[in-house]
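In what follows, a structure is listed as structure tokens, so that the remarks can point back to it.
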Number of protein chains: 2
Amino acid sequence: MDISHTEENYLKAIFKISERDGKPASTNAISTEMNTSAASVTDMVKRLSDKALIHYERYRGVTLTELGEETATHLIRKHRLWEVFLVDKLHFSWDEVHEIAEQLEHIKSAGLVERLDEYLGFPKFDPHGDPIPDADGNFVIRKQVLLSELKREEQGVVVGVQDHTTAFLQYLDRMELVLGTPVKLLEYFDYDESMRVLINGEREQVLSKKVCQNLFVQKQ
Amino acid sequence: MDISHTEENYLKAIFKISERDGKPASTNAISTEMNTSAASVTDMVKRLSDKALIHYERYRGVTLTELGEETATHLIRKHRLWEVFLVDKLHFSWDEVHEIAEQLEHIKSAGLVERLDEYLGFPKFDPHGDPIPDADGNFVIRKQVLLSELKREEQGVVVGVQDHTTAFLQYLDRMELVLGTPVKLLEYFDYDESMRVLINGEREQVLSKKVCQNLFVQKQ
DNA sequence: ATACATTTTTAGACTAACTTAAAAAAATAT
DNA sequence: ATATTTTTTTAAGTTAGTCTAAAAATGTAT
């Protein structure tokens, strides 16, 4: 009994929603995430339940079973490793790799992921700073805060993004706010919740509320 | 109007059959190649014809249109480049890569293949010695003959296989008859059409008719 | 040239994944 | 607590890709 491409995508969506909301994924939430109708979700949810990948009782929302969660984290592992491959080896930029990795994550092969992991030097984070789960599905937890949470004169290093859109990633490239860049909060403007920051110890820049609330930093 | 995974596989099958038989691919030949029923082929062949990928008249067999042929050779290009990646970079053996490449060849992305090609150093042949078409679909034609066609005392270098099965590839590994190995025909036995050959200039070995008829060499 | 064999197509039906529209259940508000 | 809104499910139908069985067309052999 193997799992289809589509079923895998549902599992990922359910995993993502449960993580984000900290509660069972509702039919509606899944339909929004998957861009399908609620009716399709109900349909699929029955199939996934039959395959013991999720717990489902009608009108009650769904949670992943152990098997379902393993499957989901394994997909995330593959997705993020392929993203590293695309950026590190094929020199794609970080805003180009999501759609390709979305396809590559479904490749089925005993051994491929592990060999890829080794080939890439066992990276712990993907090009967007998201942690890559190990073969057992364990994520590295990193102490990170949003840039907007820094206090005046506090310093941090850019470690990840909350917003993964192309527009945001390209904006960050333009601002040279890549992963690993040191930042220091110089001044906070109450008026529009923007911030003046020192980037890379050499350049001052005012960043909007939206930017500051979508950039993760690790305090130094 | 894009092409499904399944449609792509049919195009590859039709390309392969047409190449091999030098005539339009029959419904039966396709159904054998694809492991489906003849009825399914008739069905699919109508769809492919509607998409202008093949020429089809009922009871007449099918040929690829220019678009269909481009699609098929592009798939072969992707398949073979991924095989090189799997062997050269991830250190899979040549008998393990076919099924994985069979999946990887369907990844859709503008630019991925070209970047992969460059990353691999623009290889002209895959790990089995099959030529990799260029971006325009042109294959390098190599002057090669079957080992069984060598005359006594003639020398050659192993350049490819006709039989791509795991069993044959593993046999060749055991015999150290990898690509690039020099061979020289010492003696031909009429009785069972086997041959005594000098492998790598250092070791004599009797090879069966079947082996000799499935190994390509380039005369020296 | 008719008969037989083979190949191909049609007909009807199945599954997975999807849809819309209507019905039912649950949540919310007064 | 009843009415209204929202969410979820059911019902019925679609498409892609598959199947088996039967019908039709083509090919072959005497």
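Just so we're on the same page: letters track the sequence lines, and every chain starts at 1. Values below: every heavy atom of this structure, side chains too, minus hydrogens, waters and symmetry copies.
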Expressed as a whole number of angstroms, how long is the span from [X]:[atom1] to [N]:[atom2]?
X	N	atom1	atom2	result
Y59(A)	dA26(C)	OH	C1'	8 Å
L53(A)	dA16(C)	CG	P	14 Å
I30(B)	dG17(D)	CD1	C1'	15 Å
R60(B)	dA24(D)	CZ	C1'	14 Å
K23(A)	dT7(D)	NZ	C1'	13 Å

[N] OP1/OP2 closer than 4.0 Å to side-chain N/O of [X]:
X	N	result
T27(B)	dT9(C)	yes
Y56(A)	dT9(D)	yes
K46(A)	dT10(D)	yes
N28(A)	dT8(D)	yes

Report each atom pair, protein N/O against N/O of nucleotides 17-19 of chain C, whose distance is under 3.5 angstrom.
from	atom 1	to	atom 2	distance (Å)
dA17(C)	OP1	S4(A)	OG	2.6
dA17(C)	OP2	R47(A)	NE	2.8
dC18(C)	OP2	Y10(A)	OH	3.1
dT19(C)	OP2	S37(A)	N	3.0
dT19(C)	OP2	S37(A)	OG	2.8
dT19(C)	OP2	S40(A)	OG	2.3

Quiz item: Just wondering, are more than 12 heavy atoms of other shown residues or ligands nearer than 6.0 Å to CZ in R142(B)?
Solution: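 Count over threshold, so yes.
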Quiz item: For R20(B), does the CZ atom sit with more than 12 other heavy atoms under 6.0 Å from it, leaving out its own atoms?
Solution: yes
Self-check item: salt bridge (charged side-chain N to carboxylate O under 4.0 Å, His left out) contacts touching residues 63-73 of chain A (sequence neighbours left out)
Solution: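 Pairs touching residues 63-73 of chain A that pass the test: none.
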Quiz item: Between R77(B) and D117(B), is any pair of side-chain heavy atoms under 4.5 Å apart?
Solution: yes
Quiz item: Looking at side-chain heavy atoms only, is the closest gap between W94(A) and D173(A) below 4.5 Å?
Solution: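 Sidechains of D173(A) and W94(A): in contact.
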Practice problem: Applying side chain to side chain donor-acceptor pair (under 3.5 Å), name anything that partners K78(A), two or more places apart in sequence or on another chain. | Solution: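 Per chain and number, K78(A) pairs via side chain to side chain donor-acceptor pair (under 3.5 Å) with no residue.
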